[in-house]
Amino acid sequence: MRTAAAVHVAAGSLLLTTLAAAPAGAGTPTAELRGTATAAARAAAEGIDFGPCPAGQELPGTVRCGTLRVPLDYARPDGEQISLTVSRVRATGKDPGGSGRAVPRQGSLVHNPGGPGATGMYFPMMGVLPEWKRVAAAYDLVGYAPRGVGRSAPLSCTDPGTFFEGPSTAPVHPSAAYKRERVARAEAYARGCAERTGDALRHYNSLNNARDLDVLRAALGENRLTFLGSSYGTYFGALYATLFPSHVRRMVFDSAVNPDPERIWYRNNLDQSAAFEDRWADFRAWAARHDAVYGLGNTAREVQDSYDRARARLAKEPAGGKVGPGQLQAAFLKAGYYDDHWPHRAHALSAYLKGDPAPLVEQAQEYPEAAAEAENARAVYLAVECNDAPWPTDWAVWDRDNTRLARRAPFETWGNVWTNLPCAYWRAPRQRPLDVRAGSGALPPTLILAAERDAAAPYDGALELHRRLAGSALVTERDAGSHGLAGGANACVHGHLEAYLLDGRVPGRRASCAPHPEPEPQPASADRRAAAARPAV
């Protein structure tokens, strides 16, 4: 432990470094930048005391956990502090090829999985997977729960006991009465967030997530950060690169969010709804090609008709008393993120239409024991996105824009509206998004990974980030749509990731990889065996 005097000396040194790292055109250094330097110096002096993980985390003994103190408000770094939970597995230092050769340690690799609202506490466990062993040999794998998530000063906006409503509707073309009901619910939710959290609510935002990341860097003893951000993690990673360019060692932006300030976040969500329609079409075309297995129709239109029949039937009588059209929609939305869900979802839909609801109930039901975690994740998601930027406050704007969009993209448009609508009635102050930029030579080379048909983070976002970060390299998986490519099924993409993390090599400005193979359909015989082994619902 350093003395208090040493902390203040370190704070002054880090302050000069941080102010020098401020982006060109940023103007006078802000109180938040000075506060970040103070907090980082304190964290560097204190470090993180890693020990056994809390029992509730359900992490193996090989993973060690600790806490990191950060200011709630970086303009007041000596004011109220909150604690973030951190997890780590040390670098193995061993060649996974069995040569016995020692592998030099390269420091800590910090990961954020996105959200906002997702926890990274489980990331260190990835080191046991074959795809990650070479990286795990060279790096300490570090995960953490961002502010508001899990045990990290958790947010809540409503009673978790009421969060899952049971069977719910999800009208593709909602009536005026249904819209009024959802507006009222959005207003109530926003009010609940303000009442439960008070003035602290304003401090849960992407800029503070980026500042927290710099304090974590310092606490880990790293002069420069090596970071892997996925989905939303790419956005505050890009904020970090803009705020602290001299603190960057290597950064991977996996499934990049569009950082254009004009698209944060209302327009990005419109783009996402349009992209989910395209990905839903990909699933329907795949199911049609395997009509002999699933019997959902041999054209995409016929598969849509099968899905619509299931929606109508569930609206009249929820499957198992638990799965209505809303749960069906949520289950199939996951198929828009990851194509490895396709065989399971197609089987569940097929079995339901043939009189067996068990697979659908298993895949689509909401589990009460997960309600608290789900409610917390949504509270953080909304706090961050609503705080980050201005949103339309007139319901008529939302109604106009999304009614127009739903005519050509009905699959997810209104579901996306209901998720984000509390931002129209948010009670905390809104920020103006930072203009993400890095000029030539400001950053070391960075790596962007993107799939052309990613629905959750449409490909235009990767192109925009690539334009804004000079010296970045973009690796594209063509004609594919999985959300999150790092360590995934594409060996070409993973090769670029390893070359970058292990050797600092990037493939020029742009490279492309052929798509990973589409999933194989699950044979009907296997479906029947699996169904026979399940208990009755």
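All values reported here derive from a predicted model rather than from experimental measurement.
W132 approaches L109 most closely through the heavy-atom pair CZ3-CD2, 4.5 Å. Between C65 and P52 the shortest heavy-atom distance is CB-O, 4.3 Å. Contact record, H516 with S482: CE1-OG, 3.4 Å, taken as the closest heavy-atom pair. Of all the heavy atoms in A145 and S152, the pair that sits closest is O-OG, 2.7 Å.
A salt bridge does not link R202 with D73: none of the charged nitrogens is closer than 4.0 Å to a carboxylate oxygen. Taking the charged nitrogens against the carboxylate oxygens, R249 and E222 have no contact shorter than 4.0 Å, which rules out a salt bridge. A salt bridge is absent between E464 and R263; no separation between the charged side-chain nitrogens and carboxylate oxygens falls under 4.0 Å. Ion pairing of D214 with R217 is present here, as a side-chain N (NZ or NE/NH1/NH2) and a carboxylate O approach within less than 4.0 Å.
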Give the C-alpha distance, both sets of side-chain angles, the deciding distance and a yes or no for side chain to side chain contact (heavy atoms under 4.5 Å, CB included) between R267 and D260. CA-CA 10 Å; R267 294 185 183 279; D260 183 344; over 6 Å; no

Tell me, with the steps shown, if L68 and D212 meet side chain to side chain contact (heavy atoms under 4.5 Å, CB included). CA-CA 9 Å; L68 169 71; D212 290 346; 6.0 Å; no

One pair to check against side-chain hydrogen bond (donor to acceptor under 3.5 Å, both in side chains): D388 and Y235. What are the steps and the verdict? CA-CA 11 Å; D388 270 1; Y235 177 60; 5.0 Å; no

Residues N209, R147; criterion side chain to side chain contact (heavy atoms under 4.5 Å, CB included); working and verdict: CA-CA 7 Å; N209 283 338; R147 60 171 60 202; 3.4 Å; yes

Could you go step by step and tell me if V248 and F244 meet the side chain to side chain contact (heavy atoms under 4.5 Å, CB included) rule? CA-CA 7 Å; V248 172; F244 310 107; 5.8 Å; no

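Using a 4.5 Å heavy-atom cutoff, the side chains of C193 and L201 are in contact. Looking at L333 and F411, their side chains come closer than 4.5 Å, going by heavy atoms from C-beta outward. The shortest side-chain heavy-atom distance between Y266 and D401 falls under the 4.5 Å cut-off. In this structure, V86 and V142 have side chains that are in contact, with non-hydrogen atoms separated by less than 4.5 Å. When side chains are defined from C-beta on, L382 counts as touching C423, because their heavy atoms get closer than 4.5 Å. Counting heavy atoms from C-beta on, the side chains of P444 and R224 come closer than 4.5 Å. Counting heavy atoms from C-beta outward, D271 and N268 have side chains that approach closer than 4.5 Å. For the pair L216 and F227, the minimum side-chain heavy-atom distance is 4.5 Å or more.
In this structure, N376 contributes its side chain and G150 its backbone to a donor-acceptor pair below 3.5 Å. Not a single donor-acceptor pair under 3.5 Å links the side chain of D479 to the backbone N or O of P515. In this structure a side-chain-to-backbone donor-acceptor pair under 3.5 Å is missing from R134 to P96. Between the D140 side chain and the A91 main chain, a donor and an acceptor come within less than 3.5 Å of each other. Side-chain atoms of T234 do not come within 3.5 Å of backbone N or O of F253 as any donor-acceptor pair. Looking at N416, its side chain never comes within 3.5 Å of a backbone N or O of E412 through a donor-acceptor pair. Using a distance-only test at 3.5 Å, with no hydrogens or angles considered, no donor-acceptor pair links the side chain of Q57 to the main chain of M121. Q81 contributes a side-chain N or O that, together with a main-chain N or O of G79, makes up a donor-acceptor pair within less than 3.5 Å. Side chain of R69 to main chain of A39: no donor-acceptor pair is present (N/O by atom type, distance under 3.5 Å, no hydrogens or angles). Put simply, the side chain of W391 gets close to the backbone of E385: a donor and an acceptor are under 3.5 Å apart.
A side chain to side chain contact (heavy atoms under 4.5 Å, CB included) with L465 is found for one member of V436, D460, T446, V257 and no other, namely V436.
The list of ring-ring contact (aromatic ring centres under 6.0 Å, His included) pairs with a residue in residues 472-514, not counting sequence neighbours, reads Y337-H483.
Note that OH of Y144 and CD1 of I48 are 11.5 Å apart. Values are rounded to the nearest 0.5 Å. In this structure, the separation between NE2 on H466 and CG on L474 is 5.5 Å, given to the nearest 0.5 Å. The CG atom of N208 sits 12.0 Å away from the CG atom of L213 when rounded to the nearest 0.5 Å.
Y74 and T30 are not linked by any side-chain donor-acceptor pair at a separation below 3.5 angstrom, with hydrogens and angles left out of the test. For the 3.5 Å distance criterion, the side chains of E375 and S156 qualify, holding a donor opposite an acceptor. Checked by atom type, the side-chain pair Y232/N112 shows no donor-acceptor distance below 3.5 Å.
Ring geometry for W286 versus W342: interplanar angle of 30 to 60°, hence tilted.
The side-chain hydrogen bond (donor to acceptor under 3.5 Å, both in side chains) check on R250 picks up Q106, Y139, with sequence neighbours excluded. In terms of the side-chain hydrogen bond (donor to acceptor under 3.5 Å, both in side chains) criterion, R101 has no residue partners (sequence neighbours excluded).
Shown here is R76, whose CZ atom has no more than 12 heavy atoms of other residues, nucleotides or ligands within 6.0 Å.
Cation-pi geometry between R64 and F50 is not met at under 6.0 angstrom from the ring centre and within 45 degrees of the axis.
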